[in-house]
Structure formats: C-alpha cells, structure tokens
Engineer: 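Dropping the structure in here first, questions after.
Bear in mind that the values here come from a model prediction, so they are computed numbers and not experimental data. The analysis underlying the following values was restricted to heavy atoms, covering all of them including side chains, and did not include hydrogens, waters or symmetry mates.
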Amino acid sequence: AASALIAGVAAVAARQWQQCWHRGQRRAVATRKAGPPGASETMARVSEILLKPRQKIFFRKSCGFEALSAAGRSIWVVGKKKALCEAATQLSQVLKIPLLSQQAEALTAGYAGAKAESPWMDANKVLRKITLVALPEEAGRCVTTVRPDVIAKQLHGKIAGQEVVLAVGEDDALAAGLAVARCLPPYTAKTEKPQEESVCNVSFHGCKPSDETMKHIEVAAESIRIAQGLVDMPPN
C-alpha cells in the first residue's frame, strides 16, 4: 500500500512538472515571436512615470527654414562660424531679416563660444527671437571638436518649447545632439516657476544623419535625461 501511494504521488508530481514545463515553453515561444520591449519603448515608459510634467525633445534629420518660420516659435541656430553663417544667411532670406547674416559674420567665438540675438515677428504677429550660437574652432583633448561643452553651457535651461537647429557635420551629430539633450533638465526643485509640458524640436542643417545615428541619438538622449532626473530627484 505504501509503495502504491508513493508511486501515485510521484505520478502526480511528474504530471504537474510536465504541465509547468509546457506552459514555460509556450511563454518562451510567444516572447520570441513578440520580441522583448525595445530600448525606446522602455525609456518612454520610465519617462512617463518619472518625468512630470514632460518637457520632451524630438530629433529630426532635417527641417526646412520655411517650416520653422511657419511653426512660429523661437529658434536657436548652433554651429561653427562657416556653417553658422550659411544657415543664418538662408534663415535671414526666409524670415526677411537681412541683418541676421551680418550678425553671424560679426560673431567671434573665442574659446567659450559667442551668442547673438535678433527679434522677429511670426505670422500671428507674435514677437519671437532668433539666437545664433557660434562654437569655437579650438578644442582641448578632453572634448570633441564640435565642443558639446559649449553647446550645453549656452543652451542650458533655455530651449523648452523652442526650435534648435544644429549646423554640424554628420560626424558631429551624435555629440551635438546629446549636448542639447542635457540642456533641458527633466527635474528641478530650485525654480519657483512651475514647469509646463513642452516640446523642443532639434533638427540638423548641412547634413542628414543616418537612421542608425538618429536611433542612437534618441535612445542615448532619453537615457541621459532619465539619469539626470534620477540624480536630481529626492530619494523618497
């Protein structure tokens, strides 16, 4: 009788193990078919939970100056002297601000960069601003030639809800894009003015980064901003 009881218990345990194994196999197959959540999807979930209100940054390969004019928002143009002057000349023709190109020509970046501002009126007769940022030609051994440290310093905390145009080469797109991402802290407890939801569009002028580069920029930028938020938020 004892042997029969033991055999019965063993048979039941074996059936339960087989059922669990088959369920695990079915889940594994379903996971392989669906695929694990992508990095972008995971970052988006974390951002939605942690970063409120959301001050988003969208990266685009390029954007015509006519579209920027129609958007009716303040514009930042960032680049080294030659590329900055070319972008400012085209933008001045679209916005009909002839002095803008002369302002770009007059900028002397030095080692810390230089900035010039010019007002313009959008289609709704609202006063907006164009900011030209000239990047230094020189770079030390600790920074890349595009000088992301200068980009971060000049744009920090100032680009929420605005347009940013990076007049850089494709080799510098990643470093410049991530420098802009650091300029919009997702969390701060120091400001008395409440933050509002906004979208900052970042586009490139003079180059069209590859799809792979754009994917790297988007994932890395979101990761940087989440890390900023986690560091700045209180432990509780």
Engineer: For the residue pair Gly113 and Val150, what are the closest heavy atoms and their distance?
Structural biologist: CA-CG1, 4.0 Å
Engineer: Where the side chain of Arg225 meets the backbone of Gln55, is there a donor-acceptor pair that is under 3.5 Å apart?
Structural biologist: yes
Engineer: Only pairs under 3.5 Å count here: list side-chain donor-acceptor contacts from residues 202-209, not counting sequence neighbours, and write none if there are none.
Structural biologist:
none

Engineer: Working to the nearest 0.5 angstrom, can you tell me the gap between Leu135 CG and Gln154 CD?
Structural biologist: 8.5 Å
Engineer: Donor-acceptor pairs under 3.5 Å, side chain of residues 93-107 to any protein atom, not counting sequence neighbours: which ones?
Structural biologist:
residue : atom : partner : partner atom : Å
Ser101  : OG   : Pro98   : O            : 3.2
Gln103  : NE2  : Glu117  : O            : 3.1

Engineer: Counting N and O atoms only, with roles assigned by atom type, does the side chain of Ser69 sit under 3.5 Å from a partner on the main chain of Phe65, one being a donor and the other an acceptor?
Structural biologist: no
Engineer: Check the surroundings of atom NZ in Lys115: do more than 12 heavy atoms from other residues, nucleotides or ligands lie under 6.0 Å from it?
Structural biologist: yes
Engineer: Roughly how far, to the nearest 0.5 Å, is the SG atom of Cys200 from the CD1 atom of Ile159?
Structural biologist: 4.0 Å
Engineer: In chain order, what residues pass the ring-ring contact (aromatic ring centres under 6.0 Å, His included) check against Phe59, with sequence neighbours excluded?
Structural biologist: none
Engineer: Set out, in order, the CA-CA distance, both residues' side-chain angles and the distance that settles side chain to side chain contact (heavy atoms under 4.5 Å, CB included) for Val180 and Ile151, then state yes or no.
Structural biologist: CA-CA 7 Å; Val180 175; Ile151 296 175; 4.0 Å; yes
Engineer: Looking at every non-hydrogen atom in both residues, tell me the closest pair between Leu84 and Gly79 and how far apart they are.
Structural biologist: CB-O, 3.9 Å
Engineer: Starting at CD of Glu218, measure out to CE of Met214 and round the result to the nearest 0.5 Å.
Structural biologist: 5.5 Å
Engineer: Looking only at non-hydrogen atoms, find the nearest pair between Glu137 and Lys81 and report the distance.
Structural biologist: OE2-N, 3.6 Å
Engineer: Quick one: closest heavy-atom pair of Gln228 and Leu184, and the distance?
Structural biologist: OE1-O, 4.4 Å
Engineer: Show me the pairs that pass ring pair (Phe, Tyr, Trp, His ring centres under 6.0 Å) and involve residues 103-158, at least two apart or across chains.
Structural biologist: none
Engineer: Would a hydrophobic clustering, with Ile, Leu, Val, Met, Phe, Trp and Tyr connected at side-chain separations under 4.5 Å, put Ile57 with Val78?
Structural biologist: yes
Engineer: With a cut-off of 6.0 Å (strictly less than), are more than 12 heavy atoms of other residues, nucleotides or ligands near NZ of Lys61?
Structural biologist: yes
Engineer: Rounded at 0.5 Å granularity, tell me how far CD in Glu222 sits from NZ in Lys56.
Structural biologist: 9.5 Å
Engineer: Applying salt bridge (Lys or Arg N to Asp or Glu O under 4.0 Å), name anything that partners Asp122, two or more places apart in sequence or on another chain.
Structural biologist: Arg128
Engineer: Is the shortest side-chain heavy-atom distance between Leu68 and Cys63 below 4.5 Å?
Structural biologist: yes
Engineer: Can you list, pair by pair, the side-chain donor-acceptor contacts under 3.5 Å of residues 162-176, counting residues two or more places apart and other chains?
Structural biologist:
residue : atom : partner : partner atom : Å
Gln162  : OE1  : Trp76   : NE1          : 2.6
Gln162  : NE2  : Lys158  : O            : 3.2
Glu163  : OE1  : Arg60   : NH2          : 2.9
Glu163  : OE2  : Arg73   : NE           : 3.3
Glu163  : OE2  : Arg73   : NH2          : 3.1
Glu163  : OE2  : Asn201  : ND2          : 3.1
Glu170  : OE2  : Ser210  : N            : 3.4

Engineer: Verify side chain to side chain contact (heavy atoms under 4.5 Å, CB included) between Ile75 and Thr131, making sure each step is shown before the conclusion.
Structural biologist: CA-CA 6 Å; Ile75 303 171; Thr131 306; over 6 Å; no
